[in-house]
Amino acid sequence: MIPIRDTIQSKNFPVVNSIIIGVNVLVYLLQLTQGENLNRFIITYGLVPARYSSPQVASYFTFGQQVVAFFSFMFLHGSFLHLLGNMWSLYIFGDNVEDRLGPLRYLLFYLLCGFLSGLSHLFINWHSQVPTIGASGAIAGVMGAYFLLFPGSKILTLIPIFFIPYFVQIPAFLFLGLWLSLIH
């Protein structure tokens with residue numbers, strides 16, 4: 001299932017949503033320039049729970065790096081497909097949520113959702129040394145807001161069966177449920 005677009009037309013150009021997508025793409029391009037330093041870059045800017053639970057690990061990072069990681073992790077991505085999937089979902093659902101909340105409240109909401117997803121990951125995986133990266137937590141919050149704000153909307157979805165493309169409109173709540181089941 002590949003979402004194409006939603007059926008709700010936004011009234012305003014989604015400035016903040018477009019900027020968030022642009023920043024994610026720029027950070028991914030920055031990641032690509034890291035070469036052999038990529039792992040260090042991801043450890044520094046990704047959210048690694050052990051950095052907060054282990055004093056020995058924490059000693060390798062400055063206070064600023066510890067704070068910045070709570071926000072920078074949501075702009076890093078593990079692959080081009082990871083980035084594409086997240087940004088496409090944000091493109092489809094974020095414009096309407098920004099339209100309803102307004103640009104500043106949308107930005108704060110997006111960052112708060114990402115922060116809270118990182119915080120919950122931190123506490124659930126308290127001693128993990130594996131960095132978490134990606135915008136999925138923030139996007140899950142945006143999709144949840146979309147579901148609450150537009151409960152009757154539909155998503156035009158491509159369902160490829162063999163080589164035949166089928167386009168169907170499915171209720172947003174069904175699509176969002178499937179998305180949540182796939183990311184876990």
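When reading the values below, keep in mind they use all heavy atoms of this one structure, side chains included, and skip hydrogens, waters and symmetry mates. In this chain, numbering begins with 1 at the start of the sequence shown.
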Linking directly or through intermediates, with side-chain heavy atoms under 4.5 Å: list the remaining ILVMFWY members grouped with Leu104, chain and number order. Leu108
List the atom of [X], the atom of [Y], and the distance in Å for their closest heavy-atom pair.
{"X": "Met74", "Y": "Leu111", "value": "CE-O, 3.8 Å"}
{"X": "Glu98", "Y": "Asn17", "value": "OE1-N, 2.8 Å"}
{"X": "Tyr28", "Y": "Ser79", "value": "OH-C, 3.5 Å"}
{"X": "Val57", "Y": "Phe61", "value": "O-CD1, 3.4 Å"}
{"X": "Tyr146", "Y": "Ile155", "value": "OH-CD1, 4.2 Å"}
{"X": "His77", "Y": "Ile133", "value": "C-CD1, 3.6 Å"}

Spatial distance of atom [atom1] ([X]) from atom [atom2] ([Y]) [nearest 0.5 Å]:
{"X": "Leu29", "Y": "Leu83", "atom1": "CG", "atom2": "CG", "result": "8.5 Å"}
{"X": "Tyr52", "Y": "Leu119", "atom1": "OH", "atom2": "CG", "result": "10.0 Å"}
{"X": "Leu84", "Y": "Ser89", "atom1": "CG", "atom2": "OG", "result": "9.0 Å"}
{"X": "Ser54", "Y": "His127", "atom1": "OG", "atom2": "NE2", "result": "8.5 Å"}
{"X": "Thr157", "Y": "Leu174", "atom1": "OG1", "atom2": "CG", "result": "8.5 Å"}
{"X": "Arg100", "Y": "Ile8", "atom1": "CZ", "atom2": "CD1", "result": "8.5 Å"}

Is there a side-chain contact between [X] and [Y], using heavy atoms and a 4.5 Å cut-off?
{"X": "Leu158", "Y": "Tyr166", "result": "no"}
{"X": "Leu76", "Y": "Phe41", "result": "yes"}
{"X": "Phe73", "Y": "Val48", "result": "no"}
{"X": "Leu90", "Y": "Asp95", "result": "no"}
{"X": "Ile124", "Y": "Leu122", "result": "no"}
{"X": "Asp6", "Y": "Asn96", "result": "yes"}
{"X": "Met87", "Y": "Ile139", "result": "yes"}
{"X": "Pro3", "Y": "Trp88", "result": "yes"}

Between the side chain of [X] and the main-chain N/O of [Y], is any donor-acceptor distance below 3.5 Å?
{"X": "Ser153", "Y": "Ala172", "result": "no"}
{"X": "Arg40", "Y": "Gln34", "result": "no"}
{"X": "Asn125", "Y": "Pro49", "result": "no"}
{"X": "His121", "Y": "Ser117", "result": "no"}

Mark yes when over 12 heavy atoms from residues, nucleotides or ligands other than [X] sit less than 6.0 Å from its [atom1]; otherwise mark no.
{"X": "Phe167", "atom1": "CZ", "result": "yes"}
{"X": "Gln66", "atom1": "CD", "result": "yes"}
{"X": "Tyr91", "atom1": "OH", "result": "no"}
{"X": "Tyr45", "atom1": "OH", "result": "no"}

Do Leu38 and Leu32 pass the side-chain contact (heavy atoms from CB on, under 4.5 Å) test, and can you show the C-alpha distance, the side-chain angles, and the key distance before you say yes or no? CA-CA 8 Å; Leu38 180 60; Leu32 293 178; over 6 Å; no
Would you please classify the geometry between the Trp126 ring and the Phe123 ring as parallel, tilted or perpendicular, with 30° and 60° separating the classes?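 It falls in the parallel class, under 30°.
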Ser10 and Asp99: side chain donor to acceptor below 3.5 Å: no
Stepwise side-chain contact (heavy atoms from CB on, under 4.5 Å) check, Ile159 with Ile161: CA-CA 6 Å; Ile159 302 174; Ile161 299 178; 4.1 Å; yes
